[in-house]
Amino acid sequence: MKVLVLGATGFIGFPAAQALARAGHIVYGLARTEAKAKILAAEEIIAILGDLDSNVWLPLIATLDAIIETVSASPDGSRSIFERTVKAAKELRPAGAPLLSYIYTSGTWVHGDNRTDIVTDTTPIARPVEILAWRPAVEQLIAHSTTVTGVVVRPALLYGRSASILAPLFKGALSEGKVVWPGTPGGRYAVVHADDLADLFVRVAERAPLLGGKIFDAANSQTESVDELLQKLVQISGAKGPYEYRKPENLYEEAIQATTLVRPYLANALLGWSPKKPGLVESLDIYYAAWRASSA
Ligand SMILES: *[C@@H]1O[C@H](CO)[C@@H](O)[C@H](O)[C@H]1NC(C)=O
């Protein structure tokens, strides 16, 4: 398969591009600098120098099988990337050609904040967290495309490696000796490790021609207690306890404090996907060490 990963140097896209290359596919990635291009090339990912706005990637659409969009873009950004892809697919692919697969990365935050009700991949979206209120419309635009085969993957809160959203939590513990985080007691996080997510992208990309219109929640089958996460971080980091919650200071932090009780089934049922990594709290020592090592 020939697949282009948009965001190939990022927290989600890099492991996905590596996993696709290891699975034997021809993988392309955009790199903004020579240094980033080198990182991709060393992983046998074909680097294309340029950024999303430069349109250097559009000619590839003539012969690609799939695009995986992992760029966490604004509403306009997500739409623009998709619309440019659709336009290029119409112009560059011969009539009657197999449809290009377009895999869009959304997130489980679209399910919103709810501490009582469990949601699944196919639960109707009612009240997304405010900062991502625009996202369900983009999911629908892509899932219902007739020019490309649109598939949506919604990762939960990511963990592992350089820690993504959890990095500032770890940083506070290390550099200020305190564990302080937006939220209130009793919250729970749906989480997924970046490597398990990468495995899901491989499965989705390989089977995408059968998956048009499908939306997959990508999360471990059990959520994690945020109280336990913070308590464990106090223990392993040597920060001064007890941990504390504080009020969110912006919409992004309001999203961070959301509890989404996701219980995904679709990726397991259709693609045989099940996350393999040890849990976030259970192996927090490993994940804290990985963040330290990668941020040094
Ligand atoms: C949680 O979801 C249920 C069912 O959709 C709803 O009745 C309830 O109001 C929601 N709770 C909150 C806090 O949004």
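We count ligands from 1, going down the list as the structure has it; atoms in each ligand are counted the same way.
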Q: Looking at ligand 1, would Arg115 count as a contact under a 4.0 Å heavy-atom criterion?
A: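 Not so, Arg115 does not reach ligand 1.
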Q: What about the rings of Phe82 and Tyr102, do their centers lie closer together than 6.0 Å?
A: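 That pair passes the under 6.0 Å test.
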Q: When you measure from atom 13 (C) of ligand 1 to the protein, is at least one non-hydrogen atom found at a distance under 4.0 Å?
A: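 Given the 4.0 Å cut-off, atom 13 (C) of ligand 1 does not count as touching protein heavy atoms.
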Q: We want to know whether Tyr104 and Arg154 form a side-chain donor-acceptor pair, criterion being a heavy-atom distance below 3.5 angstrom.
A: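 No - no donor-acceptor pair under 3.5 Å links their side chains.
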Q: Could you tell me whether atom 7 (O) of ligand 1 has a protein heavy atom closer than 4.0 Å?
A: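 Within 4.0 Å of atom 7 (O) of ligand 1, no protein heavy atoms are found.
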Q: Which one of Asp217, Thr120, Asp121, Thr122 satisfies the side chain to side chain donor-acceptor pair (under 3.5 Å) criterion with Tyr265?
A: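 Answer after filtering Asp217, Thr120, Asp121, Thr122: Thr122.
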Q: Does Asn114 reach ligand 1 with a nitrogen or oxygen that is under 3.5 Å from one of the ligand's nitrogen or oxygen atoms?
A: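 Yes - when backbone and side-chain N and O of Asn114 are compared with those of ligand 1, one distance drops under 3.5 Å.
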Q: Closer than 4.0 Å to some heavy atom of Arg127 - which atoms of ligand 1 meet that?
A: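 Those of ligand 1 that fall under 4.0 Å from Arg127 are 14 (O).
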Q: Are the side chain of His25 and the backbone of Leu20 linked by a donor-acceptor contact shorter than 3.5 Å?
A: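 Side chain of His25 to backbone of Leu20, a donor-acceptor pair under 3.5 Å: no, none is there.
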Q: Considering only heavy atoms of Asp117, which atoms of ligand 1 have at least one such atom less than 4.0 Å away?
A: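 In order of numbering, the contacting atoms are 2 (O), 3 (C), 4 (C), 5 (O).
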Q: Just say parallel, tilted or perpendicular for the rings of Trp291 and Tyr288, cut-offs at 30° and 60°.
A: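 Trp291 and Tyr288: tilted rings.
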